[in-house]
Amino acid sequence: MVEKYNTNERESHWREYWQENEIYKFNPQSAKPFYSVDTPPPYVSADHLHIGHIMSYSQAEFIVRYKRMSGFEVFYPMGFDDNGLPTERFVEKKYNINKNKISRPDFIKKCLEETKIGSQTYRKLWELLGISVDWSKIYSTINNHSQKISQWSFIDLYNKGKMIRKDEPTFWCTTCQTALAQADLEDKEEKSFLNYINFKAVDSGKDLLIATTRPELIPACVALFLNQNDHRYSDLIGQKAMIPFFNYEVPIIADESVDIDFGTGLMMVCSWGDSEDIKKVKEFNLPIRTILNMDGKLNSLAGEFAGQDLLLARKNILTKLKEQNYLQKQEPIRHVLKIHERCGIPVEIIKTKQWFIKVLEDKDDLLAQAEKMNWYPLFMKQRYIDWVKTLKWDWCISRQRYYGVPFPVWYCQDCGEVILPDVSDLPVDPTMPQSKINTCPKCDSKNITGEKDVMDTWMTSSMTPLIVSRLFENKVIQEKLYPSSLRPQAFEIIRTWLFYTVVKSLYHFNNVPFFDIMISGHGHDEKGQKISKRLGNYVPPEQIVDQYGADALRYWATGANLGENLKYNENEVKKGKRTITKLYNAAAFCFSHFKDQDYSHLDLENLSSEDKWILNQLNETIEKVTTHFDSYQYAKAKNEIDDFFWSTFCDNYLEFVKYRLYQEEPDQIAKQVLYQILLAIIKMYAPIMPYITEEIYHLYFDKLEKEKSIHLSAWPKPIADLIVDSKESEEFEKVIAIIGEIRKYKSEKQLSLGKVIPEFSTKIKVKPEYIEFIEAVAKVEKVVIY
RNA sequence: GGGUCUGUAGCUCAGUUGGUUAGAGCGCUUGCUCGACACGCAAGAGGUCAGUGGUUCGAAUCCACUCAGACCCACCA
């Protein structure tokens with residue numbers, strides 16, 4: 001009876017062992033080729049970690065461990081994304097405050113406190129899971145190191161003419177009170193009404209029916225548009241229209257872009273309802289009537305509705321229009337709104353001064369970059385391409401917020417000069433009083449103010465490959481680490497993290513930021529629903545680890561191919577647990593026969609048929625598993641190893657060799673083969689189940705291989721010089737078939753497999769020299785071929 | 001409207017460049033404590049490979065269309 005493997009006790013033992021012995025520490029002096037990972041820095045503001053996080057980080061880590069064993073010096077740092085709007089929103093929600101009701105320093109202090117807690121929560125979970133990060137190389141996106149690089153990025157792009165300050169209509173979140181980028185928006189389908197409202201032609205007095213979902217924007221209307229091919233309205237071109245209720249005149253303009261079939265064919269252009277309005281205002285040089293304040297309330301141009309927020313104003317304006325018979329009818333419609341992904345509130349468009357990175361002018365180059373990287377899975381590249389092709393806005397990087405990386409910019413209030421600091425002075429905070437920048441270099445004015453805005457959080461995270469490589473002072477090492485070898489990430493941030501990182505790398509270095517990209521899917525609940533705190537549809541990972549072990553949970557994470565979503569499935573975790581136990585028991589069996597002697601040498605000259613049979617299968621398995629890991633297909637790798645371990649090794653080979661081991665003179669060759677097979681199995685499983693494989697390694701193999709950890713040992717190679725005669729293999733397959741017949745016979749007779757039966761007849765013709773083997777393995781006194 | 005992915009046993013999924021009788025795990029049935037393991041072992045039942053049409057000597061696999069589901073993007077006055 002073997003002593004049971006206690007996952008909790010042993011896993012925490014190895015966790016400490018790995019830490020004490022710095023098993024995963026990156027050695028920059030190593031002569032091995034580097035493999036660097038641009039680890040996703042999670043938003044520390046996620047206050048509930050669930051199996052979705054487990055899944056994506058485990059999947060990347062399988063690859064990392066594989067690479068480490070395959071002879072690479074792995075650089076696997078960890079970052080925490082703790083700046084920007086996600087963190088601010090988290091703090092606002094948690095403490096029920098908003099940025100306008102707390103001082104900037106107090107707010108930042110709260111954010112820093114929260115992110116510290118958050119990063120500790122993450123670290124604890126990653127350590128529990130056995131994520132093999134080098135914890136001496138960590139960064140946070142708000143620390144000085146990251147700020148310095150973000151600010152350098154700003155200055156470099158400014159000098160290269162890619163950074164521009166524009167005073168233009170931009171997406172605006174009235175709740176978060178900041179400008180947004182196109183990528184910060186999400187679609188939301190909503191039920192609404194298409195309102196048919198009567199305008200009037202000034203000269204003819206003719207009724208002009210306009211269909212709009214945004215009646216509250218009527219006081220912002222600057223023109224009506226129609227299609228010149230629309231014969232209903234051909235007499236109106238060049239005339240003026242009277243705005244109902246607000247009573248002012250706007251021109252009526254013809255343009256082919258107007259869809260004759262939508263609504264009434266008449267369109268009102270406001271400042272601003274959508275991107276079409278912006279286009280028309282620009283194209284036809286229309287005046288601007290801004291009615292919306294930054295806080296989402298209407299201004300005095302909205303007359304009696306001033307001070308009301310948009311939704312209230314819509315309701316009130318509709319009431320008035322109805323009272324005065326301007327509202328002809330209302331049609332219920334479903335339409336798609338652009339909402340801010342962080343707060344879910346519909347975005348507006350407001351004209352403000354913001355910093356932009358010019359991306360629209362380089363779409364072709366940005367598309368070309370996609371071809372220079374290896375995408376796993378390949379179809380995810382299409383998402384990047386689609387996004388780049390459909391981009392309509394330059395990347396707005398200014399946020400009117402508090403907690404983020406400050407812009408390294410001052411403005412001269414007299415001549416308007418943009419003043420940048422010296423790169424060697426970074427990081428800087430222009431909101432703090434400081435001495436170096438106090439005079440305008442252009443006009444000598446002392447009237448200088450610092451930029452109060454902070455940068456978009458992606459402005460920093462788009463620099464992660466550089467941030468991690470610059471954790472080293474040495475330039476040679478920096479260059480060996482950048483571009484990164486691998487970017488692992490989830491699919492929903494292709495248009496943000498991935499895209500922005502590609503932009504930066506192209507503009508700064510005319511390079512790709514990484515060579516390989518592996519895109520993971522999502523972890524879902526048992527029913528396939530997204531996991532959310534609100535639904536409470538998840539078991540805390542700590543609880544699963546406590547019950548089944550980290551190895552078992554990691555085993556579950558191999559269940560989905562790259563890019564696929566994975567449902568949580570307790571059965572798969574249990575299967576992982578059973579694999580752990582089975583490994584432990586199989587190893588115990590082998591070790592009980594090894595008795596601490598050295599069986600690492602394999603005598604290829606004296607192998608029996610079953611030895612050649614399994615060694616040949618081992619070679620094939622190693623080749624397949626290696627190929628799968630090389631192409632980031634850990635799921636296929638696991639299936640191959642499972643099949644070889646459970647079926648080929650345990651169910652067959654171990655049974656085949658027992659009689660040789662229990663003889664009075666135990667067979668030494670069998671032990672040598674067991675050594676090779678077991679060692680290869682635990683090594684192949686090591687990237688997936690680091691704890692149990694380390695345990696088994698240290699029960700025997702470490703003394704012979706002289707490695708401190710299985711995770712630093714060499715990835716198995718197929719056994720060279722193994723000559724397998726194909727006729728002999730065929731013959732052995734027949735032997736296995738006869739053993740199968742005997743097993744079936746015993747099962748049908750309800751006999752134990754251990755029960756020795758006197759005779760068994762078979763039609764399968766096998767060479768006489770195998771009869772003795774079959775009799776010994778299948779426990780038959782006499783096998784007869786007829 | 002454009003695009004991506006998915007549809008194989010009751011459930012979760014494998015099925016390599018088209019090639020005999022379509023596989024695994026879980027679940028189910030019948031047995032088995034055989035000197036690693038009952039968290040195990042052996043045997044068994046269970047599939048019109050979403051549907052239709054086509055290419056082919058041969059299709060789960062290739063092509064077209066249809067249906068169903070998931071997701072991305074765009075339009076939306």
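Below, chain A is the first sequence line, B the second, and so on; all start at residue 1.
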Subject >> Inter-nucleotide C1' distance (B:A43, B:A59), Å rounded >> reply: 33 Å

Original post:
Under 6.0 Å between ring centres, would you say that holds for A:F499 and A:W395?
Top reply: no

Original post:
What interatomic distance, in whole Å, is found between C1' of B:G19 and the corresponding atom of B:U56?
Top reply: 12 Å

Original post:
Is the centre of the A:Y376 ring less than 6.0 Å from the centre of the A:Y632 ring?
Top reply: yes

**OP:** Mark yes or no for a side-chain to base donor-acceptor pair under 3.5 Å between A:K582 and B:C37, with no hydrogen or angle criteria applied.
**Re:** yes

**OP:** Sticking with atom C1', work out how far B:A60 lies from B:G47, rounded to a whole angstrom.
**Re:** 11 Å

Subject >> Sugar-phosphate, base or nothing in reach of A:C650, heavy atoms under 4.0 Å >> reply: base

Original post:
Given B:C26, is OP1 or OP2 found less than 4.0 Å from the side-chain N or O atoms of A:R578?
Top reply: yes

**OP:** Mind running a 4.0 Å heavy-atom check of residues 250-262 of chain A against RNA chain B and sending the residues that fall below it, in number order?
**Re:** A:V258, A:D259, A:F262

Original post:
Counting side-chain heavy atoms from CB outward, which of B:C32, B:U4, B:A43 is closest to A:S752?
Top reply: B:C32

Subject >> Any A:Q182 side-chain N or O less than 4.0 Å from OP1/OP2 of B:A74 >> reply: yes

Subject >> Parallel, tilted or perpendicular, as decided by the 30° and 60° cut-offs, for the rings of A:F701 and A:F594 >> reply: perpendicular

Original post:
How close or far is atom C1' of B:C13 from atom NZ of A:K638, stated in whole angstroms?
Top reply: 9 Å

Subject >> A:K188 bridged to A:E341 by N-O distance under 4.0 Å >> reply: no

Original post:
Over how many whole Å does the gap from A:N561 atom CG to B:U12 atom C1' extend?
Top reply: 13 Å

Original post:
Is it true that A:K746 and A:E748 make a salt bridge, defined as a side-chain N closer than 4.0 Å to a carboxylate O?
Top reply: no

Original post:
C1' atom, B:U20 versus B:U6: distance in rounded Å?
Top reply: 30 Å

**OP:** Verify the ring-centre separation between A:F171 and A:H340: is it less than 6.0 angstrom?
**Re:** no

**OP:** Taking atom P in both B:C65 and B:G58, compute the distance separating them and give it to the nearest angstrom.
**Re:** 23 Å

Original post:
For atom P, what is the distance between B:C13 and B:U4, given to the nearest Å?
Top reply: 23 Å

Subject >> RNA chain B stem ranges, 3 or more consecutive Watson-Crick or G-U pairs under 3.5 angstrom >> reply: B:1-7 with B:67-73, B:10-13 with B:23-26, B:28-32 with B:40-44, B:50-54 with B:62-66

Original post:
When you measure from the side chain of A:R383, which nucleotide among B:A42, B:C76, B:C71 comes out closest?
Top reply: B:C71

Subject >> Rounded distance in Å between the P positions of B:G1 and B:C62 >> reply: 27 Å

Original post:
Under 4.0 Å between a side-chain N/O of A:K567 and OP1 or OP2 of B:U12, yes or no?
Top reply: yes

Original post:
Between B:U8 and B:U12, how far is it from one C1' atom to the other, in whole Å?
Top reply: 12 Å

Original post:
Is any side-chain nitrogen or oxygen of A:K636 closer than 4.0 Å to OP1 or OP2 of B:A14?
Top reply: no

Original post:
What class does the angle between the rings of A:Y584 and A:Y5 fall in, given that below 30° is parallel, 30 to 60° is tilted and above 60° is perpendicular?
Top reply: tilted

Subject >> Donor-acceptor pair between A:S520 and A:Q59 side chains, under 3.5 angstrom >> reply: no

Original post:
Should the pair A:K329-A:E331 be classified as a salt bridge under the 4.0 Å nitrogen-to-oxygen rule?
Top reply: yes

Original post:
Is the ring centre of A:Y555 less than 6.0 Å from the ring centre of A:Y548?
Top reply: no

